[in-house]
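Below is one structure, written out as structure tokens; the observations come after it.
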Amino acid sequence: METERRVYLDYSATTPVKDEVLTEMLPYFTQNFGNASSLYTIGLESKAAIDHAREQVAALIGASPKEIYFTGGGSESDNWVLESIANDMRNRGKGNHIITSRIEHHAVLYTCEFLEKNGYEVTYLDVDQEGFVSPEDLENAIREDTVLVSIMFVNNEIGTIEPIRELAEICHKHKVLFHTDAVQAIGNVPIDVKDLGIDLMSMSSHKIYGPKGEGALYCRKGVRLPSFIHGGAQENGKRAGTENLAGIVGFGKAAELAHENLDKHIAHCSELRDYLISRVTDEIDDVVVNGSLEHRHPGNANITFKYIEGESILLLLDAFGIYVSTGSACSSKSLEPSHVLSAIGLSHEIIHGTIRFTVGDMTTKEDIDYTVEKLKTVVARLRELSPVNAEKGWN
Ligand SMILES: *Cc1c(COP(=O)(O)O)cnc(C)c1O
């Protein structure tokens, strides 16, 4: 038996909560438990803690604290924008057409499908082989009745960073609101919402070393944002419900750390990611790296191993204590081929041999060395067993 080594390479699925973040959170479960709406001292203290977290999240993206609304995560923020803005615009007779892309997270795609069932029209923009949305295609798709464009900042499967500034510029030219799902972007890419011209932006805490079940929506001052959860007056009357106090405090701290460490984080992750890619492509035959090599999430390596099944690779690596993903975590339970890999033009066979490795702050060079060694064993073993390979049926 080998000693039990654990190598977590799925930071795009979720991240561990950092010690500093947990330390900040803990008192808010016990001593500092006051309801932020209460008017006595411990209530006011909770309110002050939430205000501080709002400043920390705002600072990470160049927003004003008043433009930040805390939510229950990235999925809720996406649902809020798409449903509320669409509804409000239709009610005001502005139109019922939305534009998005084929490679969005399901939180956006399935919300769009829901809206289509309710009488909205949605255009799904194609992407090129590297996963880029074309600004020209966007401009051609905008109509008189277009009310919202939603294009993700960084793709969660292949790591491609979209041309957000150009896309937002086109929207403004045509007076259409621009939303971006930046769950994979915050803490991984420098972001200034004012400079980029973003109107609405979704964020999540648990992808940046904060707690799960917490997120935020940035809504530029001046954009009409209808309330999403009706009830109490929390979040400026737009998202009712007693705040997830410890979660918000943790997200705030995680955002502060992400802001302070951004350059170091990017350098650390991209160095290990590039090392992983170069060793895998040098030492294992018949592999393809998917997504853009130039405009890419610093921690993402999405690699296809021809002739074998990604699920088998995942399970054999798991036996060595190495944790990777075959696609996005949300769809990894289904055998449907990834909609992102389909959209960049990969054939079904190729899609099934694809693994997403994502490195993070705790990843070391030894982790990558161990992973590559085990990967070589696993891939060789599976290819020996592969009937497709035995027949040399395809290349
Ligand atoms: C993880 C993820 C989400 C969902 O965020 P939750 O906080 O888990 O709801 C949305 N969009 C993208 C791109 C993601 O990677």
Side-chain angles (χ1 to χ4, degrees), residues 71 73-128 131-158 160 162-164 166-185 197-202 204 217-220 223-226 228 327-328 330-331 334 336-345:
T71 67
S75 301
E76 184 187 316
S77 301
D78 286 340
N79 276 253
W80 184 355
V81 169
L82 289 158
E83 286 190 39
S84 310
I85 301 274
N87 214 8
D88 185 54
M89 291 288 197
R90 184 162 75 173
N91 289 346
R92 292 192 292 138
K94 302 268 184 198
N96 68 347
H97 179 233
I98 295 166
I99 301 172
T100 187
S101 83
R102 292 207 183 279
I103 63 164
E104 297 300 310
H105 189 272
H106 284 147
V108 167
L109 281 184
Y110 290 166
T111 308
C112 285
E113 286 177 21
F114 169 80
L115 289 171
E116 281 184 292
K117 289 195 191 104
N118 285 279
Y120 295 88
E121 279 189 67
V122 182
T123 299
Y124 300 90
L125 297 176
D126 287 325
V127 295
D128 69 13
F132 290 114
V133 171
S134 139
E136 197 185 336
D137 288 354
L138 172 62
E139 184 145 39
N140 292 334
I142 293 180
R143 320 189 307 212
E144 269 302 286
D145 60 346
T146 306
V147 293
L148 180 69
V149 171
S150 178
I151 307 286
M152 71 199 317
F153 206 128
V154 173
N155 182 268
N156 48 302
E157 290 192 41
I158 56 175
T160 299
E162 298 297 338
I164 294 300
E166 287 81 355
L167 298 172
E169 217 168 80
I170 287 166
C171 290
H172 293 156
K173 188 169 134 198
H174 294 273
K175 303 210 162 30
V176 175
L177 289 175
F178 180 73
H179 165 250
T180 187
D181 174 337
V183 172
Q184 294 290 341
I198 295 166
D199 295 313
L200 298 137
M201 188 168 95
S202 302
S204 179
L217 176 62
Y218 157 76
C219 178
R220 180 175 61 76
V223 171
R224 245 174 89 112
L225 177 69
F228 189 48
S328 65
C330 323
S331 59
S334 85
E336 284 281 295
S338 145
H339 66 285
V340 176
L341 299 176
S342 301
I344 61 171

Pair [X]-[Y], side-chain donor/acceptor within less than 3.5 Å:
| X | Y | value |
| --- | --- | --- |
| T100 | S150 | no |
| S202 | H179 | yes |
| E104 | H339 | no |
| N87 | Y120 | yes |
| E157 | S338 | yes |
| N155 | H105 | no |

Might you point out which heavy atoms bring [X] and [Y] nearest each other, and give the distance in Å?
| X | Y | result |
| --- | --- | --- |
| G197 | A168 | O-CB, 3.4 Å |
| F153 | T180 | N-OG1, 3.0 Å |
| L200 | C219 | CD2-SG, 3.7 Å |
| I99 | L138 | CG2-CD1, 3.9 Å |
| C112 | Y124 | CB-OH, 3.6 Å |
| V133 | S101 | CG2-CB, 3.8 Å |

V127 and I344: side chain to side chain contact (heavy atoms under 4.5 Å, CB included), yes or no, with the steps? CA-CA 6 Å; V127 295; I344 61 171; 4.0 Å; yes

Nearest 0.5 Å please: distance from the [atom1] atom of [X] over to the [atom2] atom of [Y].
| X | Y | atom1 | atom2 | result |
| --- | --- | --- | --- | --- |
| R90 | N96 | CZ | CG | 6.0 Å |
| E162 | F132 | CD | CZ | 7.0 Å |
| D88 | L225 | CG | CG | 9.0 Å |
| N79 | L115 | CG | CG | 9.0 Å |
| D137 | L167 | CG | CG | 10.0 Å |

Taking [X] for the side chain and [Y] for the main chain, is one N or O donor matched with an acceptor at less than 3.5 Å?
| X | Y | value |
| --- | --- | --- |
| H174 | E139 | no |
| S84 | W80 | yes |
| T71 | G73 | yes |

Whether D145 and K94 form a salt bridge (side-chain N of Lys/Arg under 4.0 Å from carboxylate O of Asp/Glu) is what I want to check. no

For the residue pair [X] and [Y], establish whether any side-chain heavy-atom pair is separated by less than 4.5 Å.
| X | Y | result |
| --- | --- | --- |
| K173 | I142 | no |
| I151 | F178 | yes |
| V149 | L177 | no |
| T111 | E83 | yes |
| V176 | V147 | no |

Listed by chain and number, what are the salt bridge (charged side-chain N to carboxylate O under 4.0 Å, His left out) partners of E121, not counting sequence neighbours? R143

Given I164, V183, D181, the one that forms side-chain contact (heavy atoms from CB on, under 4.5 Å) with M152: D181

